[in-house]
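Taking it in order: structure first as structure tokens, then the write-up.
Chain A is the first sequence line, chain B the second, and so forth, proteins listed ahead of strands; every chain is numbered from 1.
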Amino acid sequence: MTLRPWIAAAALAATVLPGMALAQDADVTPPMQDIGYIFTTFMFLVTGFLVFWMAAGFTMLEAGLVRQKNTTMQLMKNMGLFSFAAIMYYLVGYNLMYPGDGWTISGVLGAFGAASLEPVGLADTETDLTYASVGSDFFFQLMFCATTASIVSGALAERIRLWPFFIFVILLTALIYPIQASWKWGGGFLANEDAAGFMMSTFGTIFQDFAGSTVVHSVGGWAALAGALILGPRLGKYARGGKITPFPGANLPLATLGTFILWLGWFGFNGGSQLYMDTAGNVADISRIFANTNTAAAGGAVAALILTQFLYKKPDLTMVLNGALAGLVSITAEPLTPSLGAATLIGAVGGVIVVLTVPMLDRMRIDDVVGAIPVHLFAGIWGTLAVPLTNDAASFPAQIFSILVVGIFVFAISAVIWTILKAMMGIRVGEEAEMNGLDMTELGMEAYPEFSQS
Amino acid sequence: MTLRPWIAAAALAATVLPGMALAQDADVTPPMQDIGYIFTTFMFLVTGFLVFWMAAGFTMLEAGLVRQKNTTMQLMKNMGLFSFAAIMYYLVGYNLMYPGDGWTISGVLGAFGAASLEPVGLADTETDLTYASVGSDFFFQLMFCATTASIVSGALAERIRLWPFFIFVILLTALIYPIQASWKWGGGFLANEDAAGFMMSTFGTIFQDFAGSTVVHSVGGWAALAGALILGPRLGKYARGGKITPFPGANLPLATLGTFILWLGWFGFNGGSQLYMDTAGNVADISRIFANTNTAAAGGAVAALILTQFLYKKPDLTMVLNGALAGLVSITAEPLTPSLGAATLIGAVGGVIVVLTVPMLDRMRIDDVVGAIPVHLFAGIWGTLAVPLTNDAASFPAQIFSILVVGIFVFAISAVIWTILKAMMGIRVGEEAEMNGLDMTELGMEAYPEFSQS
Amino acid sequence: MTLRPWIAAAALAATVLPGMALAQDADVTPPMQDIGYIFTTFMFLVTGFLVFWMAAGFTMLEAGLVRQKNTTMQLMKNMGLFSFAAIMYYLVGYNLMYPGDGWTISGVLGAFGAASLEPVGLADTETDLTYASVGSDFFFQLMFCATTASIVSGALAERIRLWPFFIFVILLTALIYPIQASWKWGGGFLANEDAAGFMMSTFGTIFQDFAGSTVVHSVGGWAALAGALILGPRLGKYARGGKITPFPGANLPLATLGTFILWLGWFGFNGGSQLYMDTAGNVADISRIFANTNTAAAGGAVAALILTQFLYKKPDLTMVLNGALAGLVSITAEPLTPSLGAATLIGAVGGVIVVLTVPMLDRMRIDDVVGAIPVHLFAGIWGTLAVPLTNDAASFPAQIFSILVVGIFVFAISAVIWTILKAMMGIRVGEEAEMNGLDMTELGMEAYPEFSQS
Amino acid sequence: MKLIIATIKPFKLEEVREALTAVGVRGMMVTEIKGFGTQSGHTEVYRGAEYAVNFVPKVKLEIAVASSMADQVVETIQKAANTGKIGDGKIFVLDLQSAVRVRTGETNEDAL
Amino acid sequence: MKLIIATIKPFKLEEVREALTAVGVRGMMVTEIKGFGTQSGHTEVYRGAEYAVNFVPKVKLEIAVASSMADQVVETIQKAANTGKIGDGKIFVLDLQSAVRVRTGETNEDAL
Amino acid sequence: MKLIIATIKPFKLEEVREALTAVGVRGMMVTEIKGFGTQSGHTEVYRGAEYAVNFVPKVKLEIAVASSMADQVVETIQKAANTGKIGDGKIFVLDLQSAVRVRTGETNEDAL
Ligand SMILES: Nc1ncnc2c1ncn2[C@@H]1O[C@H](COP(=O)(O)OP(=O)(O)O)[C@@H](O)[C@H]1O
Ligand SMILES: Nc1ncnc2c1ncn2[C@@H]1O[C@H](COP(=O)(O)OP(=O)(O)O)[C@@H](O)[C@H]1O
Ligand SMILES: Nc1ncnc2c1ncn2[C@@H]1O[C@H](COP(=O)(O)OP(=O)(O)O)[C@@H](O)[C@H]1O
């Protein structure tokens with residue numbers, strides 16, 4: 001910015017030569033009505049970059065949990081999916097999710113059209129200063145959309161072809177995610193507080209999902225489940241006679257790093273979902289959310305640690321990582337109202353769910369490489385169901401109904417898309433390609449070319 | 001949050017159709033008295049997540065500096081210790097450390113009882129708005145407690161059993177850390193500014209430790225030292241005749257990443273310890289702290305780089321990493337008052353200390369796998385002693401006395417706990433298990449199962 | 001800080017026993033005139049730590065793209081260069097870049113002298129509260145200087161000696177970068193808005209470079225290019241007859257992590273360059289910048305993905321990583337004025353440039369190990385040229401002139417320094433050392449000592 | 001006794017190992033190697049530069065057996081490792097003069 | 001000359017190497033391998049699924065020696081590598097027809 | 001037939017491979033090994049403690065050839081791998097009794 005040099009120089013001079021300091025000018029401080037807007041907008045930028053960081057977390061988690069020979073592919077899918085998500089959410093998703101008054105079908109299908117931001121400097125516009133800038137809101141919401149896509153990539157690793165995966169991601173981030181998210185967060189029918197609206201008249205409460213145990217995580221989980229079923233398990237994973245062959249992750253430090261990144265990003269994910277930081281009450285609420293999010297993750301990790309110790313005699317690191325993430329997913333539907341103790345327990349139940357359902361999926365021969373379905377779908381359902389335990393504005397029937405509506409919509413449409421992709425272009429690499437690893441056969445590039453394998 | 005859809009939509013609409021913008025409503029901006037509270041609270045959340053991130057830094061540093069065969073164990077210990085610390089600090093530590101008026105023994109032993117946060121939205125409560133939300137303070141302080149535990153895990157790597165380690169962590173984070181921290185930061189006897197109090201009447205100053213060179217880092221270091229002595233060195237580390245066998249770290253990129261993560265997190269560690277961001281003076285002070293923290297780390301790294309070049313002809317990366325961290329520990333006791341030049345020098349001395357004391361410990365046959373004792377204990381003592389050099393409110397006698405009081409307390413109680421654990425359940429894996437690596441013997445899971453070893 | 005214990009305790013007490021809450025005291029909230037200063041200063045601290053984080057990003061990117069045997073060296077160079085940059089920018093660079101009124105040669109050569117910060121608590125000083133604290137400004141600007149040095153290290157990897165590299169970094173960060181940066185950001189001749197000044201009278205506009213496509217990125221690129229030419233390619237890279245031997249990067253997950261880190265850091269890089277967050281307009285602008293920065297990276301990644309798919313039948317992950325970075329560099333010169341669509345396209349062109357120029361450099365036998373020259377120099381030039389497309393305050397002639405002035409200055413002076421270093425001490429390791437890897441020959445330390453090589 | 005050295009495709013390892021166990025082989029040494037042969041690798045592009053990958057990852061087995069078993073072992077490997085595609089590998093037989101079991105000091109066929 | 005191939009437990013490598021140096025062995029080749037034998041691995045659980053680890057990490061030594069030294073070398077290895085537990089390894093002796101030192105072109109025992 | 005085992009410096013691998021191809025060798029097995037010999041490593045300092053690196057990274061080639069070609073192959077390796085410095089490596093020749101091509105079942109020289 002062109003003003004930089006002089007002002008910076010002035011600031012320096014002011015210190016070095018205090019006598020030179022400019023007289024205080026009352027016009028420089030923000031006008032009173034800007035302050036809340038600045039607080040909330042900046043909060044979205046900070047929490048938004050934390051959620052962005054989760055994309056790196058998923059990438060590292062997945063790169064650590066696949067086998068060496070499929071690592072480059074996993075990296076490529078994660079870089080690609082975030083980039084496609086960013087572009088599709090801008091072109092289609094944002095207005096579909098937040099149509100304001102422009103619903104195509106009221107409360108069900110939002111508006112079509114690319115997102116556009118405020119003019120530079122808010123020039124020539126009367127801005128509503130009670131919330132935050134559209135730019136910051138767009139930035140923040142975009143990251144949620146990308147998160148949904150990240151969830152899918154882990155479950156389908158080590159066998160899916162690159163472009164069919166990207167095509168699915170494009171449809172997921174442009175259409176599936178935004179449409180269902182509009183029902184709740186865009187003010188659609190699941191969030192309609194009119195006494196005469198469907199939710200209130202039927203259940204007496206609307207659907208409550210603070211930061212997206214259902215709207216984000218279970219959606220990713222349903223899409224992944226549909227994909228995993230249609231794609232089939234990895235070669236050699238399930239032998240006749242029920243024998244399950246584990247394919248241990250190649251690089252557990254990366255997987256652990258990914259988990260820590262996700263944990264960090266989640267403070268933004270849940271904290272930013274408070275949506276306001278313009279009063280003491282709001283910032284105190286964000287603080288509650290940070291503390292609860294942290295303790296739920298700890299609860300999930302400890303639960304998985306203790307449970308795997310008891311079940312298998314040796315604690316399982318990958319389960320502890322999944323347990324922490326399940327704790328985070330579990331608290332996401334309601335990170336505000338629980339006490340620290342309740343949050344810890346809600347997270348711990350998430351950890352238990354993961355430890356019990358990972359082998360269950362294996363027994364069902366549903367091959368989920370990184371545990372995405374237990375973590376995001378099962379713990380997401382649990383988290384959504386747990387809301388009424390601490391929040392009176394939620395009810396079990398409304399929660400169950402919403403879980404089902406969202407689940408059926410996402411699972412069905414995902415299944416249709418995967419089936420069409422399978423029929424039209426094939427979604428799975430060939431047998432020999434899968435044996436030799438996707439890195440060489442699909443991308444011609446090894447992730448660790450100089451490290452010898454054993 | 002249920003308000004999300006409509007407000008977000010409104011914000012969008014406001015931009016797209018500026019004519020629709022709501023009239024400015026004075027009630028929406030934060031009330032004047034909220035502003036400082038929002039600033040300080042949000043500052044704690046941001047610096048708190050930075051300190052959280054240090055948990056990932058320790059994990060990567062340690063995972064990079066142990067041998068391949070003990071890597072999963074190190075990851076497990078770090079995930080576990082953070083989770084246990086989070087839960088114990090909530091259940092016991094926080095009120096023990098910050099008893100307010102509820103001291104069990106005045107100035108020495110705080111209050112017992114689990115932490116509880118403000119009600120949602122600060123409803124029905126008259127909140128003191130001069131500081132920050134309890135939630136943010138709890139979140140921030142919790143991270144310091146976890147840091148202390150992280151320090152211990154590195155020193156004892158590659159031979160300690162999992163559960164005895166966790167039991168120690170639980171006692172450290174529930175009791176040892178909070179009790180001694182209450183003496184200084186909880187307003188206990190080391191911080192009592194009454195002229196009649198012990199410190200003022202004896203030394204004329206209280207104990208000064210801005211962000212915890214002593215209260216956090218040396219405490220972790222003392223606990224680690226007690227553990228290292230009782231646990232003994234790794235098999236084969238020290239041969240008869242004084243021969244020392246180095247066990248080079250298996251993955252230096254991870255160790256370097258860990259160092260950068262810690263460096264980043266330290267801005268939060270020191271910066272947040274300003275405790276207020278409600279005035280220009282406070283935010284300018286936080287800026288000073290950020291700049292000083294950075295330059296001290298740089299000083300420590302450069303000192304270690306040059307010194308190892310001279311001593312060993314080839315600079316030693318692991319020493320440079322340790323040097324940067326030692327610089328950070330050194331400036332932690334007083335990151336505010338030094339000039340940039342003084343901060344650089346304080347950090348550089350820290351770097352020198354590390355380079356000289358790492359081999360010293362080896363000569364004493366105290367086996368500290370990652371250099372935690374030189375970095376956190378020795379540089380922590382140096383940093384604490386350096387406070388009076390730039391801060392008139394500190395005095396050498398008061399600093400030395402406090403270092404000793406804290407050191408003796410922590411070392412003695414840690415030694416007792418380690419000894420009891422050793423007697424009761426054994427703290428060390430068997431010889432063959434240690435030879436074959438803790439990953440397979442304790443956890444049955446290799447960190448890099450497909451990479452062959454040489 | 002000594003006030004910590006009692007206030008924290010009070011805050012706790014206030015919640016637990018609301019009756020005890022202190023009466024609201026109007027003096028505690030920030031004085032009105034402090035608010036904008038706090039906002040902008042805190043913004044610099046947050047964006048500054050994000051830019052700091054880029055140092056880790058470069059380190060991981062480069063450590064992932066070199067061969068195993070040169071990894072420790074690359075880690076060492078990155079730790080060292082950041083540390084040297086921090087110290088040199090403090091000692092020399094900052095005042096050379098921001099001389100205020102103290103130009104040695106007006107508009108061309110700034111002031112000499114070490115940086116100094118405001119007094120603690122802004123005591124006894126009349127501070128200009130219209131901008132931000134010097135500490136935060138220094139912290140933020142320092143990170144840009146270090147970034148410039150990071151760029152050089154990647155291009156010259158795998159063959160340059162340690163100390164000649166550090167000497168160059170010292171000169172670059174103390175002199176070359178600050179001097180040319182002063183021309184634009186220090187208010188020098190490229191930024192002189194006087195109608196009578198050279199730029200306005202010649203071109204009708206000044207030079208526009210919002211966050212440094214030219215001032216930072218191309219400067220790093222020019223210095224790297226001069227170094228690469230004088231240093232020569234790695235042994236075996238270019239055989240007679242034009243055959244090019246690729247040396248695949250040893251650890252692509254690290255390279256991908258590095259890219260994500262850089263992407264995250266770039267929000268701070270571009271966002272903080274708004275320089276003010278004291279009004280709704282400014283914070284909305286920062287939001288635009290965040291959104292545009294993100295979409296430009298996505299555009300660059302997608303462009304590289306699609307283009308390498310078409311050109312080589314298999315998409316190239318390393319190109320996609322470079323493409324995302326090129327998108328970021330491209331938008332850096334003007335992240336504010338473009339619409340989301342324009343930003344995406346500007347980034348996409350950056351991605352295309354990288355895919356086309358990486359092999360071009362190879363054909364010219366200029367060996368740039370990580371693609372630093374295409375990413376930072378070529379995309380930096382493109383980004384600078386693209387400013388007039390969306391910003392009326394810029395003109396092509398002024399942009400081209402400034403690119404040339406900066407380029408010639410940096411390239412020439414870098415070439416001279418490299419040549420002198422080559423003549424005086426040699427800049428390249430011996431042939432056998434290069435064959436065996438710099439890690440063992442220069443540092444005696446392998447990055448992955450236990451992993452066997454294939 | 002004979003020392004049988006076989007190089008096979010990595011993904012056949014488990015199958016070959018099971019087949020050998022079935023015919024009574026009780027031990028072997030397994031090494032990851034890079035094989036060079038008619039199946040001479042392939043061309044890849046890295047950052048726009050083409051290059052040939054000359055080596056193909058293979059697994060090498062070394063098995064000491066009583067001379068009487070040698071033919072059967074060779075045959076078993078040949079069958080189990082066969083895919084009919086280029087690069088399936090080779091089996092070499094060398095004469096083994098003596099063998100010792102470290103644990104007990106037993107020698108020759110008792111050591112296997 | 002003889003080529004002695006021995007497979008031992010990895011943590012015994014240093015001890016064996018020192019013992020061999022003591023009896024005059026001046027060179028060897030060392031390879032990380034996966035051993036399969038009576039010490040047939042163990043069962044682990046990964047994410048709730050049990051699986052058998054059939055291979056055990058071993059180290060393989062290859063040492064060319066003059067025929068006269070062969071017995072002593074075998075004995076030395078057997079002693080140094082011995083722990084008395086299953087999986088201690090094997091020592092195989094093959095006949096070596098000729099040897100060449102690359103640097104000088106010296107042949108046979110001069111090359112060792 | 002003969003089995004030629006050679007250990008060379010890693011950076012010579014490509015050169016040796018090309019020289020062997022030129023004299024008609026169509027296949028080989030390549031293994032990364034650690035070599036121990038006169039070129040006995042070096043001393044390094046890690047965190048202030050000195051230690052000897054006894055092993056030097058080497059590459060091992062195993063090549064089965066018709067007896068008639070053996071001498072030429074040995075000579076070719078010796079020339080191509082030679083740098084004249086200590087640690088250039090060794091070439092060993094063993095007698096190979098039989099060879100089988102897994103893909104076709106061809107035996108002996110047809111299998112090579
Ligand atoms: N007796 C031996 N048996 C097997 N391999 C050997 C023997 N001696 C040396 N080698 C191998 O040859 C390599 C080079 O040997 P060395 O003695 O260092 O050099 P030179 O062959 O030039 O005398 C060693 O690293 C080792 O791999
Ligand atoms: N027939 C064989 N051929 C080659 N190597 C063998 C053979 N049998 C065992 N080995 C090697 O010897 C190692 C030890 O053998 P094992 O049967 O486990 O123990 P022990 O030698 O104590 O009976 C195995 O891991 C394998 O590397
Ligand atoms: N002359 C040889 N000596 C040693 N190993 C060989 C030889 N020729 C081939 N090999 C090994 O056998 C593998 C397969 O050989 P290749 O010629 O590719 O296929 P095929 O055996 O089907 O003809 C090679 O990768 C290599 O490991």
Side-chain angles (χ1 to χ4, degrees), chain A residues 1-2 4-15 18 21-22 24-25 28-30 34-35 37-38 41-42 45-46 49 52-53 56 59-60 63 71-72 75-76 79-80 83 86-87 90 115 117-118 120-122 127 129 133 135-136 138-139 254 443-445 447-452, chain C residues 32-33 35-36 39 46 67-68 98 100-101 118 125-131 134 137 185-187 191 206 210 248 250-253 256-257 260 264 267 273-275 278-281 283-288 290-291 294-295 298 301-302 305 314-315 317 320 336-337 340 344 451-454:
Chain A
M1 206 188 167
T2 56
R4 186 179 209 153
W6 279 106
I7 302 296
L12 176 70
T15 319
L22 304 174
Q24 300 299 344
D25 179 18
V28 179
T29 50
D34 283 19
I35 294 175
Y37 181 90
I38 300 175
T41 299
F42 189 53
L45 295 178
V46 170
F49 77 62
F52 165 80
W53 188 223
T59 308
M60 292 300 111
T71 306
T72 307
L75 300 169
M76 179 68 99
M79 281 301 293
S83 301
I87 292 173
Y90 144 58
L117 310 180
E118 299 98 337
V120 174
L122 296 176
T127 308
L129 293 173
S133 78
S136 67
F138 169 76
F139 180 75
L254 281 193
L443 301 178
M445 192 177 291
Y448 309 100
E450 295 183 73
F451 292 84
S452 68
Chain C
M32 273 308 286
Q33 70 273 23
I35 294 175
F39 271 128
V46 171
R67 286 167 291 172
Q68 263 188 38
Y98 291 117
D101 287 339
E118 301 98 336
T125 167
E126 250 181 85
T127 307
D128 168 16
L129 294 174
T130 58
Y131 181 54
V134 176
D137 184 68
W185 291 342
I206 61 163
F210 194 93
N251 195 328
L252 297 190
T256 306
L257 175 64
F260 272 115
L264 173 59
F267 296 128
S273 295
Q274 174 74 10
L275 302 182
D278 60 349
T279 61
V283 82
D285 282 358
I286 298 177
S287 310
R288 278 186 74 94
F290 270 55
N294 189 62
T295 205
V302 165
L305 174 63
K314 291 175 176 175
L317 175 66
V320 174
L336 177 58
T337 54
L340 284 171
T344 311
F451 292 84
S452 67
Q453 237 183 313
S454 67

If you count heavy-atom pairs under 4.5 Å with chain A, which of [options] comes out on top?
{"options": "C:Ala280, C:Ala301, C:Gly281, C:Ala298", "result": "C:Ala280"}
{"options": "C:Pro248, C:Pro315, C:Pro253", "result": "C:Pro253"}
{"options": "C:Thr295, C:Leu336, C:Val320, C:Asn294", "result": "C:Asn294"}

Proximal component of [X], with respect to chain C [non-hydrogen, under 4.5 Å]:
{"X": "A:Leu45", "answer": "both"}
{"X": "A:Thr71", "answer": "side chain"}
{"X": "A:Phe138", "answer": "side chain"}
{"X": "A:Met76", "answer": "both"}
{"X": "A:Phe42", "answer": "both"}

Under a 4.5 Å cutoff for heavy-atom pairs, which residue among [options] has the most contacts with chain C?
{"options": "A:Leu254, A:Ile35, A:Val46", "answer": "A:Ile35"}
{"options": "A:Gly444, A:Gly80, A:Ala447", "answer": "A:Ala447"}
{"options": "A:Thr72, A:Val120, A:Leu122", "answer": "A:Val120"}

Exercise. Using the ring-ring contact (aromatic ring centres under 6.0 Å, His included) rule, pick out the option among A:Phe49, A:Phe139, A:Trp53 that qualifies with C:Phe267.
Key: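 It is A:Phe139; the other options fail the test.
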Minimum-distance pair of heavy atoms, taken over all atoms of [X] and [Y]:
{"X": "C:Ser287", "Y": "A:Ser136", "result": "CB-N, 3.3 Å"}
{"X": "C:Leu340", "Y": "A:Ala115", "result": "CD1-O, 3.9 Å"}
{"X": "C:Ala291", "Y": "A:Gly135", "result": "CB-O, 4.4 Å"}

**Prompt:** With sequence neighbours excluded, what pairs up with C:Phe39 under the ring-ring contact (aromatic ring centres under 6.0 Å, His included) test?
**Reply:**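 With neighbours one apart ignored, the set is A:Phe39, B:Phe39.
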Can you list everything that forms a side chain to side chain donor-acceptor pair (under 3.5 Å) with C:Thr256? Sequence neighbours excluded, please.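 Testing C:Thr256 for side chain to side chain donor-acceptor pair (under 3.5 Å), a comparison that skips the adjacent residues, returns none.
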Name the region of C:Asn251, side chain, backbone, both or neither, that has any atom closer than 4.5 Å to a heavy atom of chain A.
->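 Both backbone and side chain of C:Asn251 come within 4.5 Å of chain A.
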Supply the atom-to-atom distance [X] [atom1] to [Y] [atom2], rounded to the nearest 0.5 angstrom.
{"X": "C:Asp285", "Y": "A:Thr41", "atom1": "CG", "atom2": "OG1", "answer": "11.0 Å"}
{"X": "C:Phe451", "Y": "A:Glu450", "atom1": "CZ", "atom2": "CD", "answer": "13.0 Å"}
{"X": "A:Met60", "Y": "C:Leu257", "atom1": "CE", "atom2": "CG", "answer": "4.5 Å"}
{"X": "A:Asp34", "Y": "C:Asp278", "atom1": "CG", "atom2": "CG", "answer": "9.0 Å"}

